[in-house]
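One is the number of the first residue; the rest follow in order along the sequence. Whatever order the structure lists ligands and atoms in, that order sets their numbers, starting from 1.
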Amino acid sequence: MVVHKTQVLPLSSDVPVSAAVTKKPLSVFPKPSFAAGVLLLLPFFLLAFIYLFLFPQEFQLQSFIASCNPIAASSYVGSSDALTTRVTREPDFRLLIGVLTRADLYERRHLLRLVYALQMANLTAHVDVRYVFCRLYKDDQRILVPLEIMQHDDIIILDCEENLNDGKTYTYFSSIAKLYGGGSGAEGGRRPPYDYVMKADDDLFVRLLTLIESLRPMPRDDMYYGAVIPCDSMDPFRDYMSGMGYILSWDLVEWIGSSEAVRNKSAGVEDMLTGEWLRTAGKGKNRFNAKPAMYDFPIPVPIDACSHGFVPDTVAVHRLKDNPKWATTLKYFNFTQGLKPSKFYRID
Ligand SMILES: *[C@@H]1O[C@H](CO)[C@@H](O)[C@H](O)[C@H]1NC(C)=O
Ligand SMILES: *[C@@H]1O[C@H](CO)[C@@H](O)[C@H](O)[C@H]1NC(C)=O
Ligand SMILES: *[C@@H]1O[C@H](CO)[C@@H](O)[C@H](O)[C@H]1NC(C)=O
């Protein structure tokens with residue numbers, strides 16, 4: 001409110017309010033002309049104008065900022081266009097996608113950023129994508145990674161040494177709980193920063209629209225979502241979700257961050273381990289198997305029940321280990337269909 005006042009006052013003082021009253025002097029006073037009346041009323045029209053057109057925007061902006069806290073606006077990935085389209089409605093839920101990768105994979109991050117950013121328009125959920133790796137260990141990384149952070153601000157460096165099955169996933173989830181959790185619980189009723197947290201591989205193509213559609217009706221608590229392992233099973237309670245990409249609700253992330261039993265058992269085959277933590281503690285009562293919409297790229301032909309050809313309602317495709325595989329996949333999903341014609345390039 002104070003903000004509104006301080007913005008309105010300088011504006012109305014541009015208009016000669018006092019001049020209108022004092023300069024048109026007493027001689028006019030006995031028979032106030034139409035013009036004088038208009039002049040007298042002008043400030044009020046102006047105030048009304050400001051009130052009608054400036055305030056609603058202020059309110060929208062403020063409620064938007066409030067609804068985005070504690071996630072700062074800077075956490076948006078993608079262009080400012082994507083930002084504005086996403087302001088139009090309150091998101092159904094908030095999803096953090098942590099892509100577990102290695103510092104040296106600059107080119108893959110470049111591709112992933114493009115692929116995620118091009119899908120950010122018109123989403124009904126708030127999605128943040130972060131690239132996650134362990135401590136830097138080379139001098140070039142200590143310059144090149146900061147460049148990326150300065151430009152994109154979407155990197156999380158965990159306190160670990162680079163590894164695959166030596167607890168990186170544990171470090172990831174427990175760090176996320178710490179980094180975003182803050183003093184959670186203490187301020188009763190405060191919304192968690194995210195409803196869901198995903199662990200994704202860097203060779204995984206995620207189709208955000210389909211993923212969000214399938215997550216929307218899911219419970220926001222005690223939820224474990226992914227592609228069931230073993231490959232020939234469709235029962236989400238059988239074993240665990242494939243490490244290609246799985247999603248936990250925020251309460252489970254917090255629990256991983258605080259459980260001593262989990263900390264004691266943090267190293268091992270990462271996806272199997274996550275399933276084991278949940279099973280031992282009797283957690284993850286709400287589960288969803290996204291197969292066959294999550295699958296491995298068939299190289300060159302399907303090798304097991306986890307891999308098959310592209311399907312239209314795909315949520316995610318895994319094992320995109322080189323650019324040709326990404327290109328094949330993005331082509332199938334019409335990623336370049338929106339390219340505008342121009343005299344500056346020919347693509348054929
Ligand atoms: C987003 O929605 C707007 C308005 O409904 C539409 O014009 C635009 O094509 C949509 N963009 C995408 C990428 O779907
Ligand atoms: C974790 O490990 C420590 C040390 O080995 C042990 O004292 C403790 O009881 C364990 N906690 C749980 C919950 O298993
Ligand atoms: C890609 O575009 C073609 C032609 O418009 C369409 O038939 C096909 O269904 C689209 N594919 C997907 C996965 O949306």
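Each disulfide (SG to SG under 2.5 Å) pair with one or both residues in residues 110-158, not counting sequence neighbours, appears once here: Cys134-Cys160.
Residues satisfying the side chain to side chain contact (heavy atoms under 4.5 Å, CB included) criterion with Ala290, sequence neighbours excluded, are Tyr225, Phe288, Met294.
In this structure, Ile347 belongs to a hydrophobic cluster whose other members, linked by side-chain heavy atoms under 4.5 Å apart, are Leu339, Phe344, Tyr345.
Between Tyr332 and Phe205, the distance separating the two ring centers is not shorter than 6.0 angstrom.
Atom-to-atom distance recorded for Leu123:CG and Leu209:CG is 6.5 Å, nearest 0.5 angstrom.
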Write none if no such pair exists; otherwise list each N/O atom of ligand 3 with its protein N/O partner under 3.5 Å and the distance.
residue	atom	partner	partner atom	Å
ligand 3	2 (O)	Asn334	OD1	3.2
ligand 3	2 (O)	Asn334	ND2	2.3
ligand 3	2 (O)	Gln337	NE2	3.3
ligand 3	11 (N)	Asn334	ND2	2.9

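The environment of Lys265 atom NZ is sparse: at most 12 non-hydrogen atoms of other residues, nucleotides or ligands sit within 6.0 angstrom.
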